[in-house]
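Quick note on labels: first sequence line is chain A, next is B, and so on, each numbered from 1. In this text the structure is predicted, and so the values were computed from the model without any measurement. These values consider heavy atoms only, across backbone and side chains, with no hydrogens, waters or symmetry-generated copies.
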There are 2 protein chains.
Amino acid sequence: MVTLKDISKETGVSLTQVSRALGGFSDVNEQTRERVREAAQRLGYRPNSIAKGLKTGQTGFVAMVIPSDIDASGREIMFDMVVGISQAISRHGLKFLLHVVDSNADVTGAFDELYYGGGIDGFILTELEEPDPRVSYLKERKIPFVVHGQDAVAEHFFVDLDNFRVGEALAGRLLDAGHRRILFLNGNDHRIYSSTRTAGARRALTDRGIAPETIHVSYGPMTRARGREAAVEWLRSDEPPTAIIAGNMMLARGVYDAAAELGLSIPSDLSLVAHDDVLIQYPAEGFDPSLCVTRSSLSEAWSSLATLMSRAIAPESPEIEHVLMRPELVEGASVAEPSGSASAR
Amino acid sequence: MVTLKDISKETGVSLTQVSRALGGFSDVNEQTRERVREAAQRLGYRPNSIAKGLKTGQTGFVAMVIPSDIDASGREIMFDMVVGISQAISRHGLKFLLHVVDSNADVTGAFDELYYGGGIDGFILTELEEPDPRVSYLKERKIPFVVHGQDAVAEHFFVDLDNFRVGEALAGRLLDAGHRRILFLNGNDHRIYSSTRTAGARRALTDRGIAPETIHVSYGPMTRARGREAAVEWLRSDEPPTAIIAGNMMLARGVYDAAAELGLSIPSDLSLVAHDDVLIQYPAEGFDPSLCVTRSSLSEAWSSLATLMSRAIAPESPEIEHVLMRPELVEGASVAEPSGSASAR
DNA sequence: ATTTAAAACCGAAACGTTTCGGATAAGGTA
DNA sequence: TACCTTATCCGAAACGTTTCGGTTTTAAAT
């Protein structure tokens, strides 16, 4: 292993100056710095992050703690999430640690273990619930953390999609097309984003002076199977919806399945809008007719997350920051006027 | 942060002895050890693994490097794998680092980066190909690693399912039931386990003196969709198989789908056997009629993997070890004699 | 009383880095 | 000449742990 000492011997420059040269300090002669750089390169020096970590208290390790018993709906996108986060973290020069604990109850214990004993600088929290015990735990101990999936204003670092706008835009698009019986297939009801999206949809209604019961919100897992089942159930009811809002692309898939099953064609018999997280596994291109969506790439969110994280773990506890990703409305061929109403009401 | 020094001051025992007491050395009085333990407990001492790592060169970090562009069939089980491995690693007192790189080409660079600069003790390799450049790279540099998915005898640590037995047992089961037209839905053909399973099936044939073409092997991704499609295609052919071997539970699902689609009933029209990795997402219980499988829990494999890893990263480079998990044959109601042959030939 | 062996203990160095508090030399100013 | 700046350099301490090479204490053996 090549160390600073080796470079010092090689160049005749003192250990201190070698460190400072490589560290980019101003009180080192540019000529010296170049000699040091050259030697470092030639000898194949790699800074030992463990030693650095011991001295500075910063190792560059960032961890995510998840229980092994995640529910099925979580698993479906969890891998994409983990990969995306890990990649974004690496790009910021940090290292990503995935720590799996047996159950939800062990999560906070793992925080202690990893932070105080394991050289972990900070944590990433996702899929927040309300209230979430992890947040208060970390806050009390002043352990740095960044949250994804928290769009209510809060006193900690977070990045999230602007879910209010998502609900508002999707509902608004259908209302403006003339729909007055809408089914909103939303996420699980204890998730913050679900209620925020509902609130956005409500705002779309009140802004237009339309009755609240125009949109019926159904909460549940965001899977293809549920999309199909729920859509079939409601489309077969006495007063079937003329349009559906799907919370993500998997639900949208299920709705397409249901439409095919019931012989309904999109958009003439049923309009559909959805939110698109731009997941690799569920591309928007796969839909025929093309789907009208609010779009916001999750991978951009991961990138912001990593940026926030590198700020959050800075030594002098820094200003808390938020990032709210703004969704983009992408038109598609999945929306038409409701069939019954010839543009009249 | 509570350190050994604090405990030393608190108890009046020297720093050295505190370290040795907690480290379980024999040359410390049991009474002293107890006093030290009590103080450590009371003060909330947690050993600093970074400092320990600096001194011993062992940090307890174990990494898995994966490219972000994994193919779809890989993704399906990848999350289960990652979670299982991470959990097993944690249980062995090690820490699991998931490092995602942009492409396959960057993998070896990440090895260097993490091993020489990042305080990573060793690596986990999965989904080996033949030959795999990662293996030779790590071997040349004497960087510790453990492989999952390598059942050919080799000069490095590995754990894997005994895929030869899997192929042999599944094929044998169908042959003994009298089937003589068998379709084997195997994995991708450049994966080692696929060819090993094929070899096992061939052995089952030769042992019984049956012609090689009795079993037709089809290679491809191990997904439900492919299971359905391939099964439909072959069942509709001129000489449809009377039995199918599915490489995993997802393929088996697809075959059930195909049977339902074609109005065939299992086992009277079609027999089916499969291999069951005991994945949470694809439980064996979900099949009706119950499926006859070779079973070997992947989570047990992860546990062995973690054990091997802790040996592999030991300071005095240790004896190379292998673990071959033996599959268990579990009977089910999915196999019967072929309908045409009234037990005669 | 003296020697010996075993048990229990401890100081100091080391791992590779950062950083504090000066030190040195050159050049400019009074 | 003496003094001050500025640029450049460096020794030594520190982070928390392990471990080498001893020393002291105790008890048993002669």
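- Comparing D/dG16, D/dC20, D/dA12 by their closest approach to the side chain of B/Asn48 singles out D/dG16.
- Of the candidate nucleotides D/dC10, D/dT18, C/dG16, C/dG16 has the atom lying nearest to any side-chain atom of B/Leu54.
- Regarding B/Gln31, its CD atom lies at a distance of 13 Å from the P atom of D/dT26, rounded to whole Å.
- Side-chain atoms of A/Phe61 and A/Ile120, non-hydrogen and from C-beta on, do get closer than 4.5 Å to each other.
- Distances from the side chain of B/Lys55 to the nucleotides C/dC15, D/dA12, D/dT8 place C/dC15 closest.
- The CG atom of A/Leu4 sits 19 Å away from the P atom of D/dC15 (whole-angstrom rounding).
- Among D/dT8, D/dT17, D/dT19, the nucleotide with an atom closest to any side-chain atom of B/Ala51 is D/dT17.
- Under the 3.5 Å distance criterion, the side-chain polar atoms of A/Arg33 are matched with a main-chain donor or acceptor of A/Phe25.
- Listed nucleotides: C/dT17, D/dT19, D/dC10. Nearest to the side chain of B/Ser19: D/dT19.
- Residue A/Ser14 has a polar side-chain atom (N or O) positioned under 4.0 Å from OP1 or OP2 of D/dC10.
- Comparing B/Glu30 and B/Thr56, the nucleotide of DNA chain C nearest to each residue sits closer to the 5' end for B/Glu30.
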Please tabulate, for the side chains in residues 139-149 of chain A, all donor-acceptor contacts under 3.5 angstrom to protein atoms that are two or more places apart in sequence or on a different chain.
from	atom 1	to	atom 2	distance (Å)
A/Lys139	NZ	A/His156	ND1	3.4
A/Arg141	NH1	A/Tyr137	O	3.2

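- Taking atom CZ on B/Arg20 and atom P on D/dT23, their separation rounds to 17 Å, with Å as the unit.
- Counting non-hydrogen atoms under 4.0 angstrom, A/Ser49 reaches nothing in the nucleic acid.
- With a 4.5 Å cut-off on side-chain heavy atoms, A/Asp80 and A/Leu298 do not count as touching.
- Nearest-nucleotide positions on DNA chain D place A/Thr32 closer to the 5' end than the other of A/Thr32 and B/Pro47.
- Heavy atoms only, all atoms of each residue included: A/Phe157 and A/Arg311 are closest at CE2-CB, 4.3 Å.
- Nearest heavy-atom pair, B/Ala306 versus B/His92, reported as atom, atom and distance to 0.1 Å: CB-ND1, 3.4 Å.
- Taking the six-membered ring where tryptophan is involved, the planes of B/His322 and B/Phe158 are essentially parallel, since the angle between them stays under 30° and well short of 60°.
- No hydrogens or angles were tested; on distance alone, nothing pairs the side chain of B/Asn29 with the base of C/dC9 as donor and acceptor under 3.5 Å.
- Side chain of A/Met1, nearest nucleotide from C/dG16, C/dC9, D/dC20: C/dG16.
- At whole-Å resolution of the value, CZ in A/Arg46 and C1' in C/dC15 are 20 Å apart.
- Atom pair B/Leu15:CG and C/dA8:C1' shows a separation of 16 Å (rounding to whole Å applied).
- For B/Thr16, whose side chain is taken as the heavy atoms from C-beta onward, the closest listed nucleotide among D/dT17, D/dT19, C/dT17 is D/dT19.
- Residue-level contact check: A/Thr3 touches the backbone only, with heavy atoms under 4.0 Å from sugar-phosphate atoms and none from bases.
- Formation of a donor-acceptor pair under 3.5 Å by the B/Ser86 side chain with backbone atoms of B/Val83 is not found in this model.
- With hydrogens and angles ignored, the 3.5 Å screen pairs a side-chain donor or acceptor of B/Gln58 with a backbone N or O of B/Ile313.
- Side-chain N or O atoms of B/Ser303 include none that pairs as donor or acceptor with a backbone N or O of B/Ser299 at under 3.5 Å.
- DNA chain C lies under 4.0 Å from at least one heavy atom of each of the following residues of residues 34-45 of chain A: A/Tyr45.
- As a whole-Å value, the separation of B/Phe25 CZ from D/dT17 C1' is 12 Å.
- Nucleotide D/dT19 holds its P atom 14 Å from the CD atom of B/Gln17, rounded to whole Å.
- Counting non-hydrogen atoms under 4.0 angstrom, B/Ile50 reaches nothing in the nucleic acid.
- Note that the two end axes of the helix from C/dA1-D/dT30 to C/dA30-D/dT1 enclose an angle of 70°, each drawn from 5 base pairs, rounded to 10 degrees.
- The residue A/Asp27 sits close to a base: some heavy atom pair falls under 4.0 Å.
- With rounding to whole Å, A/Leu22 atom CG is found 9 Å from C/dT17 atom P.
- Side-chain N/O atoms of A/Ser26 and base N/O atoms of D/dA7 include no donor-acceptor pair closer than 3.5 Å.
- Of the possible polar contacts, one joining the A/Asp121 side chain to the A/Gly60 backbone as a donor-acceptor pair under 3.5 Å is found.
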